[in-house]
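In what follows, every heavy atom counts, from backbone to side chain, and hydrogens, waters and symmetry copies are set aside. Both ligands and their constituent atoms are indexed starting at 1 by order of listing.
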Amino acid sequence: MAQVSLANIKKHYGSVELFDDLHLDIASGEFVVFVGPSGSGKSTLLRMIAGLEAVTDGVIEIDGKDVTYDEPSDRGIAMVFQNYALYPHMNVYGNIAFNLRLAKMPKDKVHERVMDAARILRLEELLERSPAQLSGGQRQRVAIGRAIVRKPKVFLFDEPLSNLDASLRTQMRLEIETLHRELGATMIYVTHDQTEAMTLADRIVALDYGEIQQLGEPDELYSTPNNAFVAGFIGSPKINFLQASVVEVTGHSVVVSVTGTPNERVVLRASGLHVGEKIQLGIRPEEFQLATGSSPAGVLIKGHVQTADRLGNITYAYIDAALDSLLTVQTFAHRKIKTGTEVILTVPPVRIDVFNSKGIRCSPAK
Ligand code: ADP
Ligand code: MG
């Protein structure tokens with residue numbers, strides 16, 4: 001277990017500045033997930049912590065020790081990659097033992113650690129097999145075993161489940177969660193998959209183009225996204241964005257007109273906006289209510305059901321309201337939802353996220 005601290009981190013590739021003055025403190029035993037789209041800098045950040053990539057400037061500390069210029073092997077870390085990088089000519093036992101043997105650890109101690117890892121990862125029956133005789137999930141467990149036996153202070157994972165099919169990914173996610181609980185180790189995990197981030201993380205670092213967009217607990221990013229990027233990235237199905245413009249500003253509230261619904265004026269709590277400003281309203285699919293009465297409160301949108309995904313327990317209806325894109329609505333009213341059904345949607349104003357013309361949140365926490 002160890003804390004990891006990054007201070008004033010810069011990373012340039014030639015003339016391209018990827019990170020400029022990044023700060024991040026990870027607590028001992030914490031599970032932190034770096035999430036963001038492809039190319040946002042997740043792997044680079046992880047590889048700088050691992051020592052596989054040099055920083056341009058700044059300081060990296062692990063367990064209070066400056067490791068900025070230390071070799072990867074001197075940092076007390078172990079890394080698990082997307083492609084398992086197993087030695088094909090060695091059996092599972094040999095793969096897990098490899099680094100310990102290389103470090104000339106006594107044979108009985110190697111054996112103890114390999115068997116320990118095999119037990120934790122349920123690989124005991126597979127120790128004699130070669131990687132070619134394993135499924136994808138089993139190979140990834142071997143790769144994790146190889147990391148566990150080194151008893152690292154910090155585990156680093158770079159998209160470890162991306163090569164697995166969906167059901168196996170869910171299963172491995174639960175295993176990694178259990179592993180974290182059992183070992184109590186600090187873990188840093190990179191993924192582009194927001195579901196993995198939401199389910200695994202104590203805290204999420206949402207990255208875009210080398211900048212931390214938000215750092216917080218999963219619920220926080222979901223319910224109070226700092227900006228339109230985080231709102232759009234976290235959550236599945238995605239949040240709906242409505243275009244709007246500010247008509248009136250009074251104290252901490254604004255009157256807005258929702259584009260495409262010309263008669264609709266809505267009063268929202270938001271600050272720092274000016275009259276005429278083009279803004280975006282973020283509305284999660286579960287925040288819409290299918291109205292039945294007349295003139296309900298909240299943003300009122302009329303449309304019809306274009307299509308619906310019925311998942312058994314819930315239905316996602318895709319509503320054509322003649323806006324830029326279809327609106328996604330989560331509903332339990334399965335029977336009422338048919339293609340072509342006319343619907344009225346309302347949203348309590350306090351459940352709406354307001355983002356200014358730069359995409360920055362300007363409504364209070366929900
Ligand atoms: P992610 O893991 O989030 O997909 P990366 O950290 O791999 O992103 O890459 C972040 C950005 O840095 C990308 O735009 C990528 O093209 C650039 N980059 C990564 N490695 C190099 C390199 N060795 N030389 C130049 N640019 C690089
Ligand atoms: Mg990557």
Side-chain angles (χ1 to χ4, degrees), residues 4-24 26 31-60 62 67-69 71-72 75 77-86 136 139-140 143-144 146-147 154-166 168-169 172-173 176 186-201 203-216 218 221 225-236 238 359:
V4 177
S5 136
L6 308 180
N8 306 103
I9 298 297
K10 287 195 204 322
K11 178 65 184 176
H12 299 177
Y13 285 119
S15 60
V16 179
E17 284 185 15
L18 180 57
F19 292 102
D20 180 39
D21 202 28
L22 179 133
H23 291 257
L24 180 62
I26 295 169
F31 200 125
V32 168
V33 176
F34 297 166
V35 72
S38 177
S40 55
K42 307 180 296 292
S43 293
T44 303
L45 196 53
L46 197 73
R47 292 169 60 82
M48 289 192 296
I49 296 170
L52 298 170
E53 190 75 59
V55 301
T56 305
D57 198 8
V59 177
I60 299 175
I62 296 178
V67 298
T68 316
Y69 299 101
E71 291 296 319
R75 295 187 182 207
I77 53 102
M79 193 149 165
V80 178
F81 299 93
Q82 177 177 348
N83 57 349
Y84 326 112
L86 301 181
R139 281 179 211 171
Q140 194 53 289
I144 294 171
R146 215 170 30 182
V154 183
F155 283 84
L156 306 175
F157 296 92
D158 194 350
E159 311 245 9
L161 309 185
S162 296
N163 283 355
L164 305 178
D165 63 46
L168 208 50
R169 265 209 306 274
M172 282 299 294
R173 209 171 70 205
I176 290 175
T186 310
M187 295 189 173
I188 308 177
Y189 187 104
V190 161
T191 180
H192 66 274
D193 178 347
Q194 68 88 33
T195 307
E196 273 179 29
M198 289 296 286
T199 50
L200 283 171
R203 284 193 303 159
I204 294 177
V205 177
L207 278 175
D208 192 24
Y209 301 115
E211 272 190 42
I212 296 180
Q213 302 292 318
Q214 190 159 0
L215 167 63
L221 270 71
N226 275 348
N227 54 41
F229 169 81
V230 175
F233 196 80
I234 300 290
S236 174
K238 282 190 184 311

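In summary, Ser38 places no N/O/S atom under 2.8 Å from the Mg ion (ligand 2), failing the contact criterion.
At least one donor-acceptor pair under 3.5 Å links the side chain of Arg75 to the backbone N or O of Val67. One N or O on the side chain of Asn226 and one on the backbone of Gln213 form a donor-acceptor pair closer than 3.5 Å. Although no hydrogens or angles enter the test, the distance criterion places a donor-acceptor pair under 3.5 Å between the side chain of Lys11 and the main chain of Ala54. A donor-acceptor pair is defined here as one N or O able to donate and one able to accept, closer than 3.5 Å; no such pair exists between the side chain of Thr191 and the backbone of Val35.
With Leu207, Asp208, Thr44 as candidates, the residue nearest to atom 5 (P) of ligand 1 on a non-hydrogen basis is Thr44. Among Ser38, Pro37, Gly39, Ser43, the residue whose heavy atom lies nearest to atom 10 (C) of ligand 1 is Gly39.
In terms of protein heavy-atom proximity, atom 21 (C) of ligand 1 is closest to Tyr13 CZ, 3.2 Å. Here the heavy atom of the protein found nearest to atom 8 (O) of ligand 1 is Gly41 N, 3.2 Å.
Screening Phe34, Phe81, Tyr84, Tyr189 for a ring pair (Phe, Tyr, Trp, His ring centres under 6.0 Å) involving Phe157 leaves a single residue, Tyr189.
By the 6.0 Å contact criterion, CD on Glu211 is open, its count of non-hydrogen atoms from other residues, nucleotides or ligands being 12 or less.
Proximity of Gly36 to ligand 1 is not established, as no heavy-atom distance is less than 4.0 Å.
For ligand 1, the polar-atom distance check against Leu18 finds no nitrogen or oxygen pair separated by under 3.5 Å.
In this structure, atom 15 (C) of ligand 1 has its sub-4.0 angstrom surroundings free of protein heavy atoms.
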